[in-house]
Each structure stands twice: as C-alpha cells, then as structure tokens.
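This report refers to the structure that appears directly beneath it.
Being a predicted model, the structure only gives us computed values, none of them experimental. Here is the naming used below: chain letters follow the sequence lines, and residue numbers restart at 1 for every chain.
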Amino acid sequence: MTPRLRVAPSPTGLLHVGTARAALFNWLYARRHGGVFIVRVDDTDRRRSTSEFEEKILEGLRWLGLDWDEGVEVGGPHGEYRQSGRFERYREVGAQLVAKGAAYRCYCSPEELAQRRKEAQRAGRPPGYDGRCRSLDVPEAESVEGSYVVRFAMPRPGVTVFTDMVRGEVRFDHQVIDDFVILRSDGSPTYHLASTVDDVDYGITHVARGEDILPSTPRHIQLTRAMSAPEPVYAHLPLLHGQDGRKLSKRHGATDVGEYRQVGFLPEALFNYLSLLGWSIGPEATIFSPHQAVEAFDLADVSSSPAVFDPVKLEWMNGEYIRNHLSISEFAERARPYAEEFVGAPLADEVWQQAAAVLPLVQERVKLLSEVGPQLAFLLLEEIEYHPKSWRKVMRAQGVDGVLSQAISDLSKVADWRTEPIEQALRGLIAEMGISARKGFQPVRVAVTGSSISPPLFESLAAMGREATLKRLRDARSKLT
RNA sequence: GGCCCCGUCGUCCAGCGGCCUAGGACGCCGGCCUUUCAAGCCGGUAACGCGGGUUCGAAUCCCGUCGGGGCUACCA
C-alpha cells in the first residue's frame, strides 16, 4: 500500500519551526517510501484562522523545499483540502455517529459545565465532562429544547492500546478520557472530528505529529473505529524545546520560519538543521543533502526524547552552507536582496558589480545573508560612518597622521589599480616607515571602510577605486585631532 | 492533582549486552596561520540522574526512585 502522509497546519499563526519539522519528517518518510505527501489546512477555528496566515505557511513550506503531491493549491482526488470547505461532511459523520449510538447530543450549557467542573475539581474528581446527557435516549434528546453540542461516547469501560512508531506500545484507560465534543453548538466540527474524518477520507496511512497530541490519540482511534475505518499508524515526534526545557514558544526567540528567512538563513541549512532534531543520518555526518536524508530516513529511527532548538548551531550550519555549498554567483544572487534591504533601495548594477570583486571574501565571513550589507557598506554607500570604537582604538594612536599622508602619497602613485600593486605600495610603506603591518594597515582600513573589521584590505581598496580611496583617506586625515 | 511521554557531554546526535579507558557535531578554552575579522588546521574541556536486580559481562534488559516535559476547552 502506498504510504499517504500529511501535515495539517492551522492557519491561526505563522509557520512555527515545530510544525515545519513535523512537515519535514512527514515529507522525508513519504519521499523515502514512494508515498504521497499531502498538505491540508486545519481551519476549523473560523475565528482565528486567516488566509494571510495560510499563505505564509504554504510559502514557508515551499521555501524549505517541501513540495506536496496533494492538497491546497495543488488539488488532488479529494477535491477539498481545507476543512472550512467540508463542514457538511463533518456534520454528516456526526449525524451517523449519533444514529448508531456512538455519539450523542449534549444540552449542558457552558455555564453549567464550568460550574460542574469547578465542583469536580474541588471534590478531587476528574474535571472532564461527567457524561450527564449520555443517558438521554435519542427521541428524548430530540424533544429537548435549546442548543446542543454533539459528544463522542467513549466506549466504557475500555482501553485503547496502540503501537506508536517512535514510542512503542502506548495505552490509555478510557476512565481518564471524557466524552469530548465533536460538533459545537453552531454545528462546526472540533479538531478531533475534522482531523479524524479527513485522515479517514483521504486514506492517510501514517500520522506523524507532535507528542503534544499523544493524549488525544485514543480519541482519534476510537473515532476512527466508530467510523468502521482502518486505523493509520501513529508516530509521535519529540517536541522542540527552548533553552529552558519547555515547549518551544515565542518567548524563546524566533519561532516563525519566515523570520529565519528574513534574517538570511538558507532554506538548505534550516532543512538540514531541523532534520537533526530527533533524528540523525549516521554516526558521523552532520551536513547532508535532502537527497541523502531521503535515502536514509525512517520514522522508526526518530528519537523519543525532546530536543532543544539551538540557534547558535543553526547559525554555524548556515555559515557552513554559505561558504561551502553556494557558488560565488549563487551567493551574489541570494545576497543582493539583503544588501538592498540594508541600503534601503535597489542597487544599481554598476555598484553591485563593483562589490562583486570582494564578494567571495565576504562569503567566507558571514553566517547570515543579512550580514552582507553591513560588510559591504563601505562600497555600497557614498558616505561612511566611522565605527566609534574602531576610531578610538586605531585613529587616536601616535603617528596615524603620518601613516595616512604617506598612504595618500604612495597610493596616488599606483598606476595599475589592482590588488597586487596596491599591496606592493602599502608593504613598501610599512617597510619604509619601519612600522608593523598592524600599525600601517589598520589606519588605512578604518579610513576607507569605517571600521577596524573589514574584508581584506588590498582587495577592498581595489574594489573601491583609486579616487574614492584617496578621498576617504583625506577625509579621515582631516578628522584627526 | 490525574493521565501519558521522556532521561548519554551545556546543546544536538551515535550507541540498540562484550568492539566503550563512551564516538561525532555545535559551544567553550588553548595553539598555529595572519593586514583586521572570519575561515582553516591542531589540541583540550565535558555525559551514561540515582538505587536495586537479570547476566560471566549493562550506557544498552527489568523494577523502583528522582527529575523534566506534555495533556487535562464548544483551541489545534
């Protein structure tokens, strides 16, 4: 049987990295086993769902390289992949379940429920629904006035036992699971119903999702059985945690995939990093391609303990990808939008080409694409600002005035304005003046780039051009006190 | 509180009864290289939560304990 897997994001927020990781594992498994990967939108919460969030989520998945075979936007044999378009179907299933006695109407009001919950808690009883309306028979229930919800009648007594692909055998006694709502009083389905009906209707064979819904799984299994449908295999993935060991959330920093994109992470790097959270491709490998991951992946190999999301390691990996997995032209192409974002305007081709000379040197110095702008600022901007600390440290030393004057004089004699002649001139300068490279080069660097930290000096000056270089040197000299 | 899940370096993973005086990666520390900063190279730091058992032998199996996390809605 062809494996059919899905990810079912809820468009009540942006694409969370945890959701992305779950999507990734589903995708890997589907690709590994020649299966079908489906993207469905769980938008039963009409109040909080928006199409903007939906778009961002889908965009994020595509950006990460997770393409889907069926689902929203691409369509498929099941037509509708958005739950909001299937409410009739859920109501139909709800009615069928009521008809066969697997579910029942509950007329308890939210106020009554809250009241009884409070009492139960005070008395030390479980706070879940007490099953009051379960004993109403159907004709009796239908004669009752007022609004109602539909609750699933958990088989009692009973136990649900299943074999989770990552955790092994798990069991839940139905005593601790109340008769949960499947249709709200406005007729809309809850997550449990909609998700389960969809999994059944779409023929989902493997449900790989976060461990946070492990406690809901017996409900889904019982619902599936009540529909007389085959059960999928479940795999509950370990949760992503923040540095404090709690479920990853906004207070731990960026959780939205779009933010990572925005600050200049490469999708390849995020893909690689995320796949290492709860899984590994082998004893030694850390960096690997999606293709290699697909070749090796199996849900059964996923670890069962939670993983702390470490932004520092992600950054290291991103640098690794920028340095070693991007050609110079790919790097230039990807970096340009970030440079333009930094400058605040589109860059003229001439300006960008001028920067291209030092781009390979910048490529091995950045961990994020957003760092390119600041590193190239001296080339991209007409006016530079001197980094205060650099100025204080370098330009207030003894003899800087003389160094700059000599540099102006020596450099203006360089006929062939390329890296090697420039280097020759400046090396000649320090030899002549009998000073260290540091003493001789740092003032020039600060004068021209505005900072004591920059791409290598001679190449930078070469890219800068002679006139611009000399102007910067004179400007800086005039600012010495 | 109840139910469920989890427990190897600070972090991510390897380990699936002997190959482990526990391996790799990030981080951190030191060194080399060097025009700054990176990168690179070399070296170092650091863990099987605890207690019982099973076994000739346990990080690996079992039990307990402690610790952490998740769930406990007419959210998903």
Identified pairing partner of C20(B), criterion: Watson-Crick or G-U wobble below 3.5 Å | none
Write down the distance separating the P atoms in G53(B) and A59(B), rounded off to the nearest Å.
-> 15 Å
Quick one: do the Arg209(A) and Thr217(A) side chains pair a donor with an acceptor below 3.5 Å?
-> yes
Pairwise C1' distance for U45(B) and A38(B), with rounding to whole Å | 24 Å
Are any of Arg246(A)'s side-chain N or O atoms less than 4.0 Å away from OP1 or OP2 of G68(B)?
-> no
Can you tell me which residue pairs pass the side-chain hydrogen bond (donor to acceptor under 3.5 Å, both in side chains) test with a partner in residues 151-160 of chain A, sequence neighbours excluded?
-> Arg156(A)-Asp179(A), Thr160(A)-His174(A), Thr160(A)-Gln222(A)
Whole-Å distance separating the NZ atom of Lys313(A) from the P atom of G24(B) | 13 Å
RNA chain B-proximal residues of residues 171-182 of chain A, any heavy atom under 4.0 Å | Arg171(A), Phe172(A), Val176(A), Val181(A)
Test applied, ring pair (Phe, Tyr, Trp, His ring centres under 6.0 Å); reference residue, His220(A); option that passes from Phe180(A), Tyr191(A), Phe172(A), Phe162(A) = Tyr191(A)
Spacing of CZ belonging to Phe331(A) relative to CZ belonging to Arg323(A), to within rounding of 0.5 Å | 11.0 Å
Which residues, if any, of residues 147-166 of chain A bring a heavy atom under 4.0 Å of RNA chain B?
-> Val149(A), Arg151(A)
Pair assignment for C74(B), Watson-Crick or G-U wobble, requiring both distances under 3.5 Å = none
Tell me, with the steps shown, if Asp298(A) and Arg32(A) meet salt bridge (charged side-chain N to carboxylate O under 4.0 Å, His left out).
-> CA-CA 8 Å; Asp298(A) 201 319; Arg32(A) 170 70 180 81; over 6 Å; no
Figure out the NE2/P separation between His241(A) and G68(B), and round it to whole Å.
-> 13 Å
Nearest listed nucleotide, side chain of Pro306(A), among G69(B), C6(B), A76(B) = C6(B)
If we take the P atom in both C26(B) and A39(B), what is their distance in whole Å?
-> 11 Å
Does the side chain of Gln83(A) come under 3.5 Å of the side chain of Asp42(A) through a donor N or O and an acceptor N or O?
-> yes
For G49(B) and G68(B), measure between their P atoms and round to the nearest Å.
-> 15 Å
Nearest whole angstrom, please: distance from the P of C6(B) to the CG of Leu237(A).
-> 13 Å
Kindly say if Arg323(A) contacts the phosphate of G40(B), meaning a side-chain N or O under 4.0 Å from OP1 or OP2.
-> yes
List in chain and number order the residues that pass side-chain hydrogen bond (donor to acceptor under 3.5 Å, both in side chains) with Gln175(A), two or more places apart in sequence or in another chain; answer none if no residue qualifies.
-> none
Looking only at atom C1', what distance separates A47(B) and A25(B), rounded to whole Å?
-> 15 Å
Output yes when at least one side-chain N/O atom of Ser216(A) is less than 4.0 Å from OP1 or OP2 of C71(B), else no.
-> no
Separation between the C1' atoms of A76(B) and G70(B), rounded to whole Å = 15 Å
Got a list of protein N/O to nucleotides 63-67 of chain B N/O distances below 3.5 Å?
none

Does the ring centre of Phe25(A) sit less than 6.0 Å away from the ring centre of Phe297(A)?
-> yes
P atoms of A58(B) and G18(B), separation to the nearest Å | 12 Å
Taking atom types as modelled, find out whether Asp256(A) and His16(A) have a side-chain donor-acceptor pair closer than 3.5 angstrom.
-> no
Donor-acceptor contacts under 3.5 Å from residues 300-312 of chain A side chains, at least two apart:
residue: Ser303(A); atom: OG; partner: Ser305(A); partner atom: N; Å: 3.1
residue: Ser303(A); atom: OG; partner: Ser305(A); partner atom: O; Å: 3.4
residue: Ser303(A); atom: OG; partner: Ser305(A); partner atom: OG; Å: 3.4
residue: Asp310(A); atom: OD1; partner: Val312(A); partner atom: N; Å: 3.1

Looking for any heavy atom pair under 4.0 Å, which part of the strands does Ser185(A) touch: base, sugar-phosphate only, or nothing?
-> base
Between His236(A) (NE2) and C71(B) (P), how many Å, whole number?
-> 13 Å
For Ile322(A) and A38(B), what is the distance between atoms CD1 and P respectively, to the nearest whole Å?
-> 16 Å
Tell which nucleotide pairs with U54(B), taking only Watson-Crick or G-U wobble pairs whose two distances are both under 3.5 angstrom.
-> none
Between G52(B) and C66(B), how far is it from one C1' atom to the other, in whole Å?
-> 14 Å
With a 3.5 Å cut-off and no angle check, do the side chains of Tyr273(A) and Asn318(A) form a donor-acceptor pair?
-> no
Nearest-0.5 Å distance, CD of residue Glu231(A) to OG1 of residue Thr163(A) | 10.5 Å
Pick out which of Ser49(A), Ser10(A), Pro9(A) makes a side chain to side chain contact (heavy atoms under 4.5 Å, CB included) with Asp43(A).
-> Ser49(A)
Enumerate donor-acceptor pairs with a distance under 3.5 Å from any side-chain N or O in residues 438-462 of chain A to protein atoms, sequence neighbours excluded.
residue: Gln442(A); atom: OE1; partner: Arg445(A); partner atom: NE; Å: 2.6
residue: Gln442(A); atom: NE2; partner: Ser452(A); partner atom: O; Å: 3.4
residue: Arg445(A); atom: NH1; partner: Ser454(A); partner atom: OG; Å: 2.8
residue: Arg445(A); atom: NH1; partner: Pro455(A); partner atom: O; Å: 3.2
residue: Thr449(A); atom: OG1; partner: Arg445(A); partner atom: O; Å: 2.8
residue: Thr449(A); atom: OG1; partner: Ser451(A); partner atom: N; Å: 3.2
residue: Thr449(A); atom: OG1; partner: Ser451(A); partner atom: O; Å: 3.0
residue: Ser451(A); atom: OG; partner: Ile453(A); partner atom: N; Å: 2.9
residue: Ser451(A); atom: OG; partner: Ile453(A); partner atom: O; Å: 3.2
residue: Ser452(A); atom: OG; partner: Ser390(A); partner atom: OG; Å: 3.2
residue: Ser460(A); atom: OG; partner: Pro455(A); partner atom: O; Å: 3.3
residue: Ser460(A); atom: OG; partner: Pro456(A); partner atom: O; Å: 2.8

What nitrogen or oxygen pairs link the protein and nucleotides 42-50 of chain B at under 3.5 Å?
none

Go through the structure and list residues passing side chain to side chain contact (heavy atoms under 4.5 Å, CB included) with Ala254(A), not counting sequence neighbours.
-> Glu259(A), Tyr260(A)
Using a heavy-atom distance cut-off of less than 4.0 Å, which residues of residues 450-464 of chain A contact RNA chain B?
-> Ser452(A), Ile453(A), Ser454(A), Pro455(A), Pro456(A), Leu457(A), Phe458(A)
Under-3.5 Å donor-acceptor pair between Arg445(A) side chain and U35(B) base | yes
Report yes if some heavy atom in the side chain of Val257(A) is under 4.5 Å from a heavy atom in the side chain of Leu14(A); otherwise report no.
-> no
Residue-phosphate contact under 4.0 Å: Lys393(A) side-chain N/O, U36(B) OP1/OP2 = no
Hits for side-chain hydrogen bond (donor to acceptor under 3.5 Å, both in side chains) against Arg246(A), two or more places apart or cross-chain, chain-then-number order -> none
Across the strands shown, which category fits Leu361(A) at heavy-atom distances under 4.0 angstrom: base, sugar-phosphate, nothing?
-> nothing
Does anything in residues 355-379 of chain A pair up under ring pair (Phe, Tyr, Trp, His ring centres under 6.0 Å), and if so which pairs, sequence neighbours excluded?
-> none
